[in-house]
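Worksheet: the structure to be examined is printed underneath.
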Amino acid sequence: MAGYLAITGGVGGAKLSLGLAHVLGPDEVVFAVNTGDDFEHLGLSISPDIDTLTYTLAGLANPKEGWGRQDETWSFMETLTSLGGETWFRLGDRDLALHAYRTDALGSGRSLTEVTADIAARLGVAHRILPMSDEPVRTTIQTASGPLAFQHYFVRDRCAPEVTGFEFSGAATARLNPAITELLPSLNGIIICPSNPFVSVDPLLAIGDARRRLSALDVPVVAISPIVGGAAIKGPTAKMMAELAIPSTAAAVAAHYGDLLDGFVLDEQDGDLHGTLDVPTVVTRTVMVSLADRIALARVTLDFLDSLR
Ligand code: FO1
């Protein structure tokens, strides 16, 4: 029975998730993770946002990149390069073993939820990491020069193409993970982590009636702005907003989530927005450099949620 559900994707979401995991026990917070970034690559089933969160909560994440593992070796990539294989998506040797294990498990009919829980347990993660769906939902980036699979846009093409829109193929028929749905009635609040709203949060909200289900709950939903002072801390959020003719401001992120939100956490740099948005706000330091920053932001967010109940 969980008190809180955190919706997360990418590196920014994993940072706050680590703070939440330090403040709340495994029976108090559960993580719903974006799978829109998932793809098949070199015959492997790769789930980057699940792995970024798992490694982060396990204390195994590469601290510089936020994704992949620390203490990696690169024999696989070096050999793949010598064979002329695709090396734009970098897979360390330890990370590769996880992808091979997951691919084999999925191939034998186990669900992504089950395999994710198995891997998390083996890596010593006590908290529940739930894929947003066990059915495939894949983010396609629509660009001025045609559609791109997410990882082709994000990694291979380094977020350079001009974004004109997004498509979450499979979202209409996919089911929100039943393990998430069954938690909803027992929740005290929902946290939308400071992830990219378009490609790390919207895929979950696009699944079937997920947005309606979350809105219908009489528990507060609070998002932390991924935009600080008109820029994203990491990743293409601000660039996407500019290309979509949306102001790259924290206010525009709050407007993007619309009536789903009961509260919005602003960084101190955007303190001037406090009290000017349609949604209640709190102002704090949202830029997370240290573990203490992650924990402090988690506490502010939880206090804010409790004040909205
Ligand atoms: N992101 C990159 O920018 N370059 C990479 O080579 C790369 C490899 C990679 C391998 C495993 C993994 O779990 C994540 C990886 N990522 C890489 C991040 C990935 O693209 C995620 O989708 C982003 O973090 C956005 O969520």
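Bear in mind that the values here come from a model prediction, so they are computed numbers and not experimental data. Remember, it's 1-based here, ligands and their atoms both numbered in the order they're listed.
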Review point. Just by distance, do the side chain of Gln142 and the backbone of Phe166 share a donor-acceptor pair under 3.5 Å?
Key: yes
The answer for which part of Asn34 has a heavy atom under 4.0 Å from ligand 1 is neither
- prompt: Is the Tyr257 to Phe264 ring centre distance short of 6.0 Å?
  reply: no
Taking only non-hydrogen atoms of Phe154 and a 4.0 Å limit, the atoms of ligand 1 in range are 20 (O), 23 (C), 25 (C)
Is it the case that the side chains of Glu40 and Ser45 hold a donor-acceptor pair, with the cut-off being a distance below 3.5 Å and no angle test?
yes
Ligand 1 to Thr52 polar contact by distance, N or O atoms, under 3.5 Å
no
With salt bridge (charged side-chain N to carboxylate O under 4.0 Å, His left out) as the criterion, how do Asp118 and Arg122 come out once you've worked through the C-alpha distance, each side chain's angles and the decisive distance to 0.1 Å?
CA-CA 6 Å; Asp118 177 10; Arg122 288 174 187 269; 2.7 Å; yes
Nearest heavy atom to atom 17 (C) of ligand 1, choosing from Phe39, Tyr55, Trp67, belongs to Trp67
*Say whether Gln151, considering both its backbone and side-chain N or O atoms, lies within less than 3.5 Å of an N or O atom on ligand 1.*
yes
among protein heavy atoms, the one nearest atom 6 (O) of ligand 1 is Arg90 N, 2.9 Å
Side chain to side chain, His22 and Leu291, heavy atoms closer than 4.5 Å
yes
Requested in this report: Taking only Lys NZ, Arg NE, NH1 and NH2, and the carboxylate oxygens of Asp or Glu, determine whether Asp293 and Arg285 approach each other closer than 4.0 Å.
Outcome: yes
Point to revise | Trp88 and Glu86 side chains, donor-acceptor separation under 3.5 Å | key: yes
Asp51-ligand 1 polar pair, N/O distance under 3.5 Å:
no
A student comparing Ala14, Ala61, Pro48 should find that the heavy atom closest to atom 12 (C) of ligand 1 comes from Pro48
Exercise. Going by atom types alone, do Thr113 and Asn177 pair a side-chain donor with an acceptor below 3.5 Å?
Worked result: yes
Ranked by distance from atom 11 (C) of ligand 1, the top protein heavy atom is Asp95 OD2, 3.4 Å
Any carboxylate oxygen within less than 4.0 angstrom of a Lys/Arg side-chain nitrogen, looking at Asp95 and Arg90? no
Under 4.0 Å between heavy atoms, the region of Glu65 that gets near ligand 1 turns out to be neither
Counting heavy atoms under 4.0 Å, the part of Val199 that contacts ligand 1 is neither
If you scan protein heavy atoms around atom 25 (C) of ligand 1, the nearest is Asp37 OD2, 3.5 Å
| Out of curiosity, is Trp88 lining ligand 1, as in a heavy atom under 4.0 Å away? | yes
Ligand 1 to Phe150, heavy atom cutoff 4.0 Å, flagged ligand atoms 22 (O)
